[in-house]
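Numbers restart at 1 for each chain; the letters A, B, ... are given by sequence-line order, proteins then strands.
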Amino acid sequence: MSMKNAAYKKFKDISREEHISPGTALCTGCGGLLALRLAYKVLGENVVIVNAAGCFTLLSVYPYSPFSSSWMYTAMACAPAGAQGIRDALDILIKKGKLKSEENLKVVVLTGDGAANDIGLQSTSAAIYRGLDFYYFCYDNEAYSNTGFQMSSATPYGSRTATSLPGEINPQGTVQRKKDLFEIWRAHKPPYLATVSPSHPVDLSNKFEKASKFEGPKLFIALSPCPPGWSFDASNSVNIARLAVQTGIWPLKEAVYGEVKHTVIPKFKPVEEYLRTQNRYDHLFNPVKQVDVIDNIKKDVEQYWERYLDS
Amino acid sequence: MKNSTNEMIKRVRFHGRGGQGMKTASRIVGTASFLEGFFVQDCPLYGAERRGAPMVAFTRLSKEPILERGLIVSPDINIIADETLLGDKNANVFQGIWEGTVTIVNTHYPASHVRNVHGIVGEIVTLDVTEIALNVIGESVLSSTAAAVVCKLTGVISESSLEKAVTRELSSINLKKETIQKNVQAALICFDRIPEAHPHYFEPIKEDKKDEIVKLEYADACLGSPSVYAKGSTKLKKTGNWRLFRPVIDHEKCSRCYTCFVYCPHSCISIDGDGYPQIDYDNCKGCLTCFYECPKKVISKDREVKAW
Ligand code: SF4
Ligand code: SF4
Ligand code: SF4
């Protein structure tokens, strides 16, 4: 994205309006909440959120709601189906003249990585396939953190979760690689697809602004540092998200109809700098350093970027 | 009290906020009691909410097998690890306390002040456990310190069982050796600071055993599925009492760069008419992202001790 004609250039361009009020039940310092708050500033208040079960369903706990707009709660698997229903209803109301077109709402699915990568994947695929006009916001905290931080298929290799504890058989903790959800979605060639990070609010805002120009599925994966799950101090979410970008672990990119472009080329700080900030990786350094595991993580990052920097 | 240990049962209720370590504290007390030869039971109870929200945990210890289950309504020892919960009606920290209850509050106020303000029945003990944890462990995790306070108040748990239980429980959650050592040290300091167990002995009261099944009436769908019509109403919940440290902006040195405003995850910083950031202390949860991210380093953090 060239900075010259970008809508957002600096922090002062970011809207002062808040669409998620304080006082929610989410954890102190939740990185995913910051990403959503920033995204909402671009989306505005003409929004209806369709929220799959997860941490963020606790944003609105009866009788309170933090939102400036509407919100609906669905089961984990079916938020995109709920979004289809709402979209259809809005379209019908507009067609019948019962809703003015300026009162139209943006339909936004909100899910965690567990729902997005696992049980909700098929309904997302189907919605992209049907060309549903909606936004999809996945806050990726890399596990099922609402229920005690169990492993999801977005959990990265070498990290510790409640269900992939490092032990004698698997000293590295999680054995599997993180699912590449971006590529799975990209195979559907949706109009707009991007990764974002709360540490890069200008990049995030520009992506939401750009997405608004497209009709059809607009999908986002937001890196969401999670203080209790990743085990770090609540003041550190932004810093950790920034390190994830700077080390190349979290590539910031977009894909328009499947064409990929990286929006930030990292400085490639050593990945260890990122890993050391979180206790979920502590077993890689203590009591003995697991050099082979750290090297595998490094190699994955290097191979990823070689592929893109060459092309 | 000594003669009655054979038939005694002690019920301990822990009140804290998610992330403070009360679940672990209840386990440490359970393990320490077990090491002393008691039958024990411990369990936490969380609401749907996340780290920082009120939670409770329970430990029962007895010389006899324990047949009671579930919540402890009338505790013998009631520990309130976060003084801000005293003023929070939803946390219900005084539920079921009676003249035989020892209530211990983590605060820097003396016990007389707590009694005057809240009119608590039974005995009250206060100790600034957070201060001890911050000084010795370096962070405000209260699992071992709160457990130590309770162990002492039971009057039946020795220092050495406490020490073993802290080590065992903290090792099982993969903490580093040096962290565990610091926890043991802090626990022993608390054990020492708490006066001997209360001198009066009361027959423990029986927990209410009404086995009533509550029948729910049929409700129409529009009543049974709640809707919220207000916008942005969570701010009425005032999460400011989640805060352990208060971020304070030095406006004279602030460069009005907006960094703190942009990065506050909880929408608690707004920009005033002159372009300066202002913190909503009613709701700021004290994550200190603003403190950490301010490029000019003009935000300081003050320990929050007077939340009520
Ligand atoms: S568990 Fe993690 S993702 Fe969930 S609310 Fe807490 S910080 Fe956010
Ligand atoms: S401490 Fe956290 S919640 Fe409070 S104002 Fe700073 S960033 Fe916002
Ligand atoms: S980050 Fe610091 S310098 Fe910038 S506006 Fe906030 S207080 Fe002022």
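Contact check for A/T24 versus B/K285: side-chain heavy atoms found under the 4.5 Å cut-off. Between B/Y292 and A/V238, the closest side-chain pair of non-hydrogen atoms is not below 4.5 Å.
Annotation: maximal heavy-atom pairing with chain A below 4.5 Å, among B/C257, B/G275, B/C264, B/G286, occurs at B/C264. Annotation: maximal heavy-atom pairing with chain B below 4.5 Å, among A/G29, A/C27, A/C30, A/A234, occurs at A/C27. Looking only at heavy-atom pairs under 4.5 Å with chain B, the residue among A/N239, A/I20, A/N286, A/I14 that has the most is A/N239.
Neither the backbone nor the side chain of A/S205 comes within contact range of chain B, judged by heavy atoms closer than 4.5 Å. Contact of A/S145 with chain B is made through the backbone alone, with heavy-atom distances under 4.5 Å. There is no contact between A/L36 and chain B, counting heavy-atom distances below 4.5 Å. When heavy atoms are compared at a cutoff of 4.5 Å, A/P228 approaches chain B by way of both its backbone and its side chain. If you measure heavy-atom distances from B/K177 to chain A, you find no contacts under 4.5 Å at all. In this structure, the portions of A/P66 lying under 4.5 Å from any heavy atom of chain B include both its backbone and its side chain. Residue A/F11 touches chain B through both its backbone and its side chain, counting heavy-atom pairs closer than 4.5 Å. Heavy atoms closer than 4.5 Å to chain A are found nowhere in B/C284, neither backbone nor side chain. B/I269 touches chain A through its backbone: at least one of N, CA, C or O sits under 4.5 Å from a heavy atom, while the side chain does not. Contact of B/F291 with chain A is not made at all, since no heavy-atom distance falls under 4.5 Å.
Shown here is A/K12, whose NZ atom has more than 12 heavy atoms of other residues, nucleotides or ligands within 6.0 Å. Counting heavy-atom neighbours within 6.0 Å of A/K106 NZ, excluding the residue itself, gives a total above 12. Around CZ of B/R168, the count of heavy atoms belonging to other residues, nucleotides or ligands within 6.0 Å does not exceed 12.
The closest donor-acceptor contact from the side chain of A/S65 to the backbone of B/K231 lies at 3.5 Å or more, if one exists at all. Remark: the backbone N or O of B/F261 is not paired with any side-chain donor or acceptor of A/R16 at under 3.5 angstrom. Distance alone, capped at 3.5 Å, places no donor-acceptor pair between the B/K237 side chain and the A/A25 backbone. At least one donor-acceptor pair under 3.5 Å links the side chain of B/T234 to the backbone N or O of A/P22.
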Derivation and outcome, side-chain contact (heavy atoms from CB on, under 4.5 Å), residues A/D282 and B/K176: CA-CA 10 Å; A/D282 190 54; B/K176 286 188 196 139; 3.5 Å; yes
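Salt bridge status for A/R242 with B/E293: present, with a side-chain N to carboxylate O gap under 4.0 Å.
The minimum heavy-atom distance between A/P63 and B/S233, with the atom names listed, is O-OG, 4.2 Å. When all heavy atoms of A/L26 and B/W242 are compared, the pair lying nearest together is O-CZ3, 3.5 Å. The nearest pair of heavy atoms linking B/V262 to A/P201 is CG1-CG, 3.5 Å. The minimum heavy-atom distance linking A/G23 with B/N283 is given by the pair CA-OD1, 3.7 Å.
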